[in-house]
Amino acid sequence: MLEIKYLRQNLSAVQEAFNARGYQADLDAFQKWDGDRRAILQEIELLRHERNVASDRIAEMKKTGEDAEAIVIEMRTVSSKIKELDKKLSASQEMMDAFLLALPNIPHASVPVGKDETDNPVVRTVGEVPKFEFEPQPHWDIGSRLKILDLERAAKITGARFALYFGAGARLERALINFMLDTHTDENGYLEVLPPFMVNRESMTHTGQLPKFEEDLFKLSGWEYFMIPTAEVPVTNIHQGEILAEDRLPISYVAYTPCFRSEAGSHGKDTRGLIRQHQFNKVELVKFCHPESSYDELESLLNNAEIILQKLALPYRVIELCTGDLGFSAAKTYDIEIWMPAQGVYREISSCSNFEDFQARRANIRFKQKGKKGTALVHTLNGSGLAVGRTFAAILENFQQADGSVVIPELLQPYMTGIKKITP
RNA sequence: GGAGAGGUGGCUGAGUGGUUGAAAGCGGCGGUCUCGAAAACCGUUGGGGGUUCACGCCCUCCGCAGGUUCGAAUCCUGUCCUCUCCGCCA
């Protein structure tokens, strides 16, 4: 959410930022509502002041035994007038809140201007793309031949876009989760958390999934609870409504959770394999930090995610999202894309973003500044470290052998009880 | 699921209709004392919003949402959360 004062004072700059995003907002209407709202507020405050003064007078008169009846009667009409205006104000306030909650974040000045994903510049490419002396197979074929991945039976159990892992496959998924968690806790300094996998409507609103993207979420019937689409939601909400001590910042969390997404509007996209599932595992990095250091923290968070791929010897590249491709809540985002040999393309495996104070304002997460009065909003960041299912798929495809086996990356082998290769 | 207790400032905890933004203690900050520190003592110490160039003035907030009243932390209703006992249960 943008600060209403900022919006009021920088209308044209905001309009420009939204244009770069390709987002249309009726800022003229905003100006009018804002003026109306403040006019009502001032009227109410004046009446309330009048009533407060009169109430004190009444209390005094009752003490001295004077007759206060005349003022009481007068205040009766003032009170009903206040009540009437209060209704107008809360209607006006609701409209304003709805408007503000629907506005996307403003891109950081460093974000390249562009229309869509074709305008995203590549920041760097890391690792060697493997050369095969045979036709590289897609991971779903490899997995099914090795009997470690069974998408057909998963469809019987639940439906399309669910996965069922067996034996070394289930083990590999679990090994990846543990490997990622251990690296981020032991080497990168994150505190591990295991949050709820369902959250309420408020939490979803704080991080920006709601109110605009409800159709992307799985919602429980009969409960105002949603399945989390990413650990970002429960973990960022750990500190909702809190005032943090400045010397505690930055706070860095890592969480493994399954993620649930309806994938509304992506019918026919990535219908085969593990790339686009309704349920997938992810290890997520989340930071709360001082506004002054949030862009340094974004670089370090991105590095923390990249290290996983370097340790696994998987080839990848980092791209920067342009203004037109930026997510709703983000001010700046890097995507890490992994090389998928069978399709011959890079696929997103991590998305690392700085939300600045956009989520913090919605979730009311602040810190106390030493030597300054008042509080300030923290900056929140998060990034995948990494999407586990896609990492699984990438390992199968990048490390497949001519005989149909898959070599396990060396640093992962201790997590696989020494298994060096998965064979049929 | 049944019965009960409770949610007050950074924390502990008073307050049951009228200068209560809220006693007291702890913590924090500033000072006195000291070579310095500790102790002691003194002072100070919430958030959000409107208005103003500013000083300031005003409104609001005692889980949340309503209601009663001239006036609500205090009374009423609903709701969420926490705790205790019983039942059930991974």
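None of these values were measured; they are calculated from a predicted model. Below, chains carry the letters A, B, ... as their sequence lines are ordered, and counting in each starts from 1.
- Taking every side-chain heavy atom of A:I58 into account, B:rC70 is the closest of B:rC58, B:rC70, B:rU60.
- With B:rG50, B:rC81, B:rG71 as the choices, the nucleotide that has an atom nearest any side-chain atom of A:Y225 turns out to be B:rC81.
- Closest approach to the A:Q42 side chain among B:rG47, B:rC81, B:rU51 is made by B:rU51 (side chain taken as heavy atoms from C-beta onward).
- Remark: A:S79 is in phosphate contact with B:rG71, judged by side-chain N or O atoms under 4.0 Å from OP1 or OP2.
- Separation of the C1' atoms belonging to B:rC76 and B:rU20 is 22 Å when rounded to the nearest angstrom.
- For A:T183 (side chain) and A:I308 (main-chain N/O), no donor-acceptor pair under 3.5 Å exists by modelled atom type.
- In this structure, B:rG4 and B:rC83 make a Watson-Crick or G-U wobble pair, each of the two defining distances being under 3.5 angstrom.
- Per the geometry, CZ belonging to A:R201 stands 19 Å off P belonging to B:rU79, to the nearest Å.
- Distance A:E60 CD to B:rG17 P: 20 Å, rounded to the nearest Å.
- In summary, the aromatic rings of A:F358 and A:F328 are positioned with their centroids under 6.0 Å apart.
- With a cut-off of 3.5 Å on both Watson-Crick or G-U wobble distances, the partner of B:rA65 is given as B:rU77.
- Summarising the base pairing, B:rC29 is matched to B:rG43 through a Watson-Crick or G-U wobble pair whose two defining distances lie under 3.5 Å.
- Comparing the P positions of B:rC70 and B:rA65 gives a spacing of 23 Å, expressed to the nearest Å.
- With 3.5 Å as the limit, one finds a donor-acceptor pair spanning the side chains of A:Q359 and A:E232.
- When the nearest nucleotides of RNA chain B are assigned to A:A54 and A:I44 by heavy-atom distance, the more 5′-ward of the two goes with A:I44.
- For A:K62, counting side-chain heavy atoms from C-beta on, the closest listed nucleotide (B:rU60, B:rG50, B:rC70) is B:rC70.
- Using a 4.0 Å cut-off, no side-chain N or O of A:R51 falls inside it from OP1 or OP2 of B:rC70.
- Nearest-nucleotide assignment on RNA chain B puts the 5′-proximal partner with A:S90, out of A:I71 and A:S90.
- With A:T185 contributing its side chain and A:L191 its backbone, the two residues share no donor-acceptor pair below 3.5 Å.
- Distance A:D56 CG to B:rC58 C1': 14 Å, rounded to the nearest Å.
- For the P atom pair drawn from B:rU44 and B:rG7, the interatomic distance equals 30 Å after rounding to whole Å.
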Query raised in the report: Would A:Y316 and A:Q310 count as a side chain to side chain donor-acceptor pair (under 3.5 Å) if you check the C-alpha gap in whole Å, the side-chain angles of each, and the deciding distance to 0.1 Å?
Result: CA-CA 9 Å; A:Y316 68 92; A:Q310 289 165 17; 2.8 Å; yes
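- Of the C1' atoms belonging to B:rG25 and B:rG50, the separation is 36 Å, rounded to the nearest Å.
- Contact annotation: A:R366 side-chain N/O to B:rG48 OP1/OP2 distance is under 4.0 Å.
- For the C1' atom pair drawn from B:rA3 and B:rG87, the interatomic distance equals 11 Å after rounding to whole Å.
- B:rU77 sits 34 Å from B:rC89 when the C1' atoms are compared, rounded to a whole Å.
- Note: CG (A:L46) to C1' (B:rG49) measures 16 Å, nearest angstrom.
- Using atom P as the reference point in both B:rC64 and B:rA73, the two lie 12 Å apart (nearest Å).
- Atom CD of A:Q240 and atom P of B:rC81 are 13 Å apart (whole Å).
- Among the heavy atoms of the strands, none lies under 4.0 Å from A:R248.
- Of the P atoms belonging to B:rU8 and B:rG4, the separation is 22 Å, rounded to the nearest Å.
- The aromatic ring centroids of A:H278 and A:F218 lie less than 6.0 Å from each other.
- The shortest distance between the side-chain N/O atoms of A:T375 and the OP1/OP2 oxygens of B:rG48 is below 4.0 Å.
- Atoms CG (A:D86) and C1' (B:rU60) sit 11 Å apart, rounded to a whole Å.
- Put simply, CG on A:L244 is 15 Å from P on B:rG47, counting in whole angstrom units.
- A:S351 and A:D335 share a side-chain donor-acceptor pair at under 3.5 Å.
- The partner of B:rC57, taking Watson-Crick or G-U wobble pairs whose two distances both stay under 3.5 Å, is B:rG50.
- Comparing B:rG48, B:rU51, B:rC59 by their closest approach to the side chain of A:R38 singles out B:rU51.
- In the set B:rC59, B:rG71, B:rG49, the nucleotide with an atom closest to the side chain of A:N52 is B:rC59.
- A:R57 comes within 4.0 angstrom of nothing in the nucleic acid, heavy atoms only.
- Counting to the nearest Å, the C1' atom of B:rG18 and the CD atom of A:E66 are 15 Å from each other.
- Candidate nucleotides B:rG48, B:rC59, B:rG46 were compared by shortest atom distance to the side chain of A:E45, and B:rC59 ranks first.
- For the 3.5 Å distance criterion, the side chains of A:T423 and A:S405 fail to qualify, holding no donor opposite an acceptor.
- Set against B:rC81, B:rG18, B:rC59, the side chain of A:H49 has B:rC59 as its closest nucleotide.
- In terms of phosphate contacts, A:K83 brings a side-chain nitrogen or oxygen within less than 4.0 Å of OP1 or OP2 of B:rU68.
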